[in-house]
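The basis for the numbers below is simple: all heavy atoms, side chains too, and nothing from hydrogens, waters or symmetry mates. Proteins come first, then strands; the chains are lettered A, B, ... in the order of their sequence lines, and each starts at number 1.
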Number of protein chains: 2
Amino acid sequence: MTTPEKSHAGPLLRGEVLSPGCPSRRLLGDITSKWGVLVLISLSRGPLRWSGLLRAIGGISEKMLAQTLRTFEADGLVLRDARPVVPPHVVYSLTADGRRVTDLLLPLVEWAQDHVTPVPGAEPDGER
Amino acid sequence: MTTPEKSHAGPLLRGEVLSPGCPSRRLLGDITSKWGVLVLISLSRGPLRWSGLLRAIGGISEKMLAQTLRTFEADGLVLRDARPVVPPHVVYSLTADGRRVTDLLLPLVEWAQDHVTPVPGAEPDGER
DNA sequence: CAGGATCCGCCCGGATACTG
DNA sequence: CAGTATCCGGGCGGATCCTG
């Protein structure tokens with residue numbers, strides 16, 4: 001007895017991420033986390049230092065920046081280049097994987113920036 | 001890596017989202033929220049009912065599903081079609097905007113699914 | 001079947017202080 | 001300059017019960 005919805009399964013998604021225990025959820029969570037996406041797009045324009053990131057991302061705390069960067073290092077998305085000089089000099093940049101992810105992320109961010117305001121149910125052509 | 005870097009420093013991003021008060025952060029947060037992305041990709045294969053969504057997304061609670069759906073309705077990404085029949089019949093589907101966002105989201109999810117594991121220097125899934 | 005309301009634990013995330 | 005360590009409050013999110 002089945003009255004299933006018309007869910008024509010597309011070949012686009014394997015659907016593993018929909019399973020509760022799938023590890024891809026963690027990685028996806030890292031990428032799409034509140035500060036994670038902002039860190040990635042900040043690095044999309046080129047390498048930045050700690051203080052540069054802190055200044056680029058408005059409102060982020062030191063704790064969250066450090067935590068996000070460490071997570072991305074472990075995920076292999078961000079590279080940490082530290083030089084043992086007297087005034088410490090550390091540069092963060094995207095790895096190849098990180099750049100790939102960020103390229104996928106940027107259109108989404110741009111869409112969000114382009115779609116702020118519209119009232120629910122209203123057309124993009126607001127004529128009010 | 002000897003590839004000349006010339007493509008990742010473009011003026012692709014206006015950077016408004018990096019400002020603490022930018023409203024686009026909220027919309028972006030909705031889209032990239034833990035359950036939000038799973039709801040969107042679940043609807044990418046076609047309309048689903050409440051119970052269908054609940055079954056499709058492993059681990060989601062009723063509260064989070066309701067909250068996420070209401071947020072997406074307000075954002076104009078998801079359409080709620082309720083029919084006043086004796087056994088209530090409610091169908092959720094993506095709006096045009098919702099489909100656009102989901103199309104941008106899917107590659108990211110697929111990338112995450114394709115890149116689970118390789119974490120250089122990290123312990124392989126430590127769960128006792 | 002589709003949701004609202006409520007209680008509450010837990011962890012995210014901010015502020016501050018300290019270090020190399 | 002580039003972080004780490006610690007405290008702690010707010011809210012995210014889960015479980016349960018109730019309604020139309």
Do NZ/NE/NH1/NH2 and the carboxylate oxygens of R99(A) and D103(A) come within less than 4.0 Å? no
So, is R83(B) close to the dA2(C) phosphate, meaning a side-chain N or O under 4.0 Å from OP1 or OP2? no
Rounded to whole Å, how long is the line connecting atom CG of L69(A) with atom C1' of dA2(D)? 11 Å
Of all the choices, dG3(D), dG14(D), dG3(C), which nucleotide is nearest to the side chain of W50(A) once you look at every atom? dG3(D)
With respect to the phosphate group of dG3(C), does any side-chain polar atom (N or O) of R70(B) fall under 4.0 Å of OP1 or OP2? no
Grab the CD-C1' distance between Q67(A) and dA5(D) for me, whole Å please. 13 Å
Tell me the closest heavy-atom pair linking L94(A) and L40(A), and the distance in Å. CD2-CD2, 3.8 Å
Do the side chains of L77(B) and D30(B) get nearer than 4.5 Å, heavy atoms only? no
Starting at CZ of R80(B) and ending at P of dA2(C), how long is that distance when rounded to a whole Å? 10 Å
Given atom CG of L54(B) and atom P of dA15(D), what is their separation to the nearest angstrom? 12 Å
Rounding to an integer number of Å, can you tell me how far W35(B) CH2 sits from dG14(D) C1'? 10 Å
Give the nucleotide from the list dC7(C), dG3(D), dG14(C) with an atom nearest to the side chain of K63(A). dG14(C)
Does dA2(C) have OP1 or OP2 sitting under 4.0 Å from an N or O in the side chain of R49(B)? yes
Over all strands shown, is P87(B) touching base, sugar-phosphate only, or nothing at heavy-atom distances under 4.0 angstrom? nothing
Measure from the side-chain N and O atoms of E16(A) to the backbone N and O of C22(A), and report whether any donor-acceptor pair falls under 3.5 Å. no
Write down the distance between CG (L48(B)) and C1' (dA2(C)), rounded to a whole number of angstrom. 15 Å
Under 3.5 Å, side chain of S93(A) to main-chain N/O of P47(A), donor-acceptor pair present? no
Whole angstroms only, please: what is the CE-C1' distance between M64(B) and dC12(D)? 6 Å
Regarding the side chain of S51(B), the nearest nucleotide among dA2(C), dG3(D), dG13(C) is dA2(C)
Rounding to a whole Å, what distance do you find between H89(A):NE2 and dG3(D):C1'? 15 Å
So what does E62(A) hit on the nucleic acid, given a heavy-atom distance under 4.0 Å: a base, only sugar-phosphate, or nothing? base
Looking at the side chain of K34(A), which of dA2(D), dG13(C), dA2(C) is the nearest nucleotide? dG13(C)
